[in-house]
Engineer: 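Following this message is one structure expressed as structure tokens.
Heavy atoms only: backbone and side chains are in, while hydrogens, waters and symmetry mates are out.
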Protein chains: 2
Amino acid sequence: MSHYCYKNNTMAKTPHDLLSRRERHIMDILYRKGRATAAEVMADLSGSPSYSTVRTQLRVLEEKGHVRHEEEGLRYVYVPATARSAVRRSALRHLVETFFDGSTEKAVAALLGDSSRLSEAELARIAALVEKAKKEGGR
Amino acid sequence: MSHYCYKNNTMAKTPHDLLSRRERHIMDILYRKGRATAAEVMADLSGSPSYSTVRTQLRVLEEKGHVRHEEEGLRYVYVPATARSAVRRSALRHLVETFFDGSTEKAVAALLGDSSRLSEAELARIAALVEKAKKEGGR
DNA sequence: TACTTACTACTAAGTATTTAGTAATGAAGC
DNA sequence: GCTTCATTACTAAATACTTAGTAGTAAGTA
């Protein structure tokens, strides 16, 4: 099993790997929404934490450098400190390594497999992307 | 932003969501390897934890029901309690919601985008899958 | 049998996370 | 100016996570 190419103890450390459970949930919410106030984050968290709990956590995340805030009128709007595109890339990579034996093909297959999620138009655009990738010459 | 379809506080709870940081790392290792001894898990963990630390954590994970062990000769081999395919599905789903605005198409595009990772043969097989999905009639 | 090796279980303490209370601030309306 | 509302910051305690020591067991070997 496992033909992924990392050696022991050298798994790339993404910010996500360093987060505690709650912190991860909060970051996920911020990445989904793009930006959010403490109240919005609170609304999306499970377990009905108190407002002050959420605020504390956002402050801690800011101290650790994972989040920054912008003042908007009277209140703070929180934004992830790391670009979504970067985190997304490493998350995808991690998923492929962990659950698809490092095979991008298997991951694509899994996404296509649930084809009820894809419209004809989407499938057509995907087909075009595959063609493009072929022309650019794969590996 | 965010056209994902979950309501507040109803995000599907996958086992993965309930795990602490270390526990998650350990589960990832087990999903990558399929099965592993304490020593193997230890070798793959960052931060050089002691053997006894890793054993304790595997025992805790077992108590919580995330892992089970098989006795193989004298020692234990640990295996995830939840089928890889199930965890994989929800992980993929979560990733699409969090980083691709709920769009499977965008996720596929990101995977194809890094086409240096895909061989011609793989691209050909993916093209065939797209055709198949089209025939089965998308959404 | 006594010694070594390779494991396991139990236990306790250190550290980090998570929680939420209380107080402070500033704007808006009366 | 005083009260209310919506915010924020600070603080302390409870809980959970993480660590690793010590001791026990069984197999193999001299």
Engineer: Output a table of nitrogen or oxygen pairs between the protein and nucleotides 17-22 of chain C separated by less than 3.5 Å.
Structural biologist:
unit_1	atom_1	unit_2	atom_2	d
dT17(C)	OP1	R21(B)	NH2	2.5
dT17(C)	OP2	K64(A)	NZ	3.2
dT18(C)	OP1	R22(A)	N	3.2
dT18(C)	OP2	S20(A)	OG	2.2
dT19(C)	OP1	R22(A)	NH2	3.2
dT19(C)	OP2	R22(A)	NE	2.9
dA20(C)	OP2	S50(A)	N	2.9
dA20(C)	OP2	T53(A)	OG1	3.1
dA20(C)	N7	S52(A)	OG	3.0
dA20(C)	N7	T53(A)	N	3.4
dA20(C)	N7	T53(A)	OG1	3.3
dA20(C)	N6	T56(A)	OG1	2.6
dG21(C)	N7	S52(A)	OG	3.0
dG21(C)	O6	S52(A)	OG	3.1

Engineer: Whole angstrom is fine here: how far is it from CD in E71(B) over to P in dA27(D)?
Structural biologist: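 So the two atoms are 12 Å apart, to the nearest Å.
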Engineer: With distance as the sole criterion, is a donor-acceptor pair present between the side chains of H94(B) and D28(A) under 3.5 Å?
Structural biologist: yes
Engineer: Hey, is E70(A) close enough to R35(A) for a salt bridge, meaning N to O under 4.0 Å?
Structural biologist: yes
Engineer: Could you tell me whether the side chain of R125(A) reaches within less than 4.5 Å of the side chain of E105(B), counting heavy atoms only?
Structural biologist: yes
Engineer: In chain order, what residues pass the salt bridge (Lys or Arg N to Asp or Glu O under 4.0 Å) check against E40(A), with sequence neighbours excluded?
Structural biologist: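 Partners of E40(A) by the salt bridge (Lys or Arg N to Asp or Glu O under 4.0 Å) criterion come out as none, since no residue qualifies.
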Engineer: With sequence neighbours left out, what residues match E63(B) under salt bridge (Lys or Arg N to Asp or Glu O under 4.0 Å)?
Structural biologist: none
Engineer: Taking atom C1' of dA20(D) as reference, at what distance in whole Å does atom CE of M42(B) sit?
Structural biologist: 11 Å
Engineer: Could you tell me how far apart E63(B) (CD) and dA16(D) (P) are, to the nearest whole angstrom?
Structural biologist: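 Nearest whole value for this atom pair: 14 Å.
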Engineer: Nearest whole Å is fine: how far is dT18(D) P from R55(B) CZ?
Structural biologist: 17 Å
Engineer: Check the distance between dT8(C)'s P and E72(B)'s CD and give it to me in whole angstrom.
Structural biologist: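 From E72(B) CD to dT8(C) P: 12 Å.
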Engineer: Measure the distance from CZ on R75(A) to C1' on dA24(C) and round it to the nearest whole Å.
Structural biologist: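 Computing the R75(A):CZ to dA24(C):C1' distance gives 20 Å.
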Engineer: Describe, in one word, how the ring planes of Y76(A) and H69(A) are oriented to each other, choosing from parallel (under 30°), tilted (30 to 60°) and perpendicular (over 60°).
Structural biologist: parallel
Engineer: Rounding to an integer number of Å, can you tell me how far H69(B) NE2 sits from dC7(C) P?
Structural biologist: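 Distance check: H69(B) NE2 to dC7(C) P gives 15 Å.
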Engineer: Using whole Å, what does the distance between atom P of nucleotide dA9(C) and atom CG of L58(B) come to?
Structural biologist: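 About 10 Å, once rounded to whole Å.
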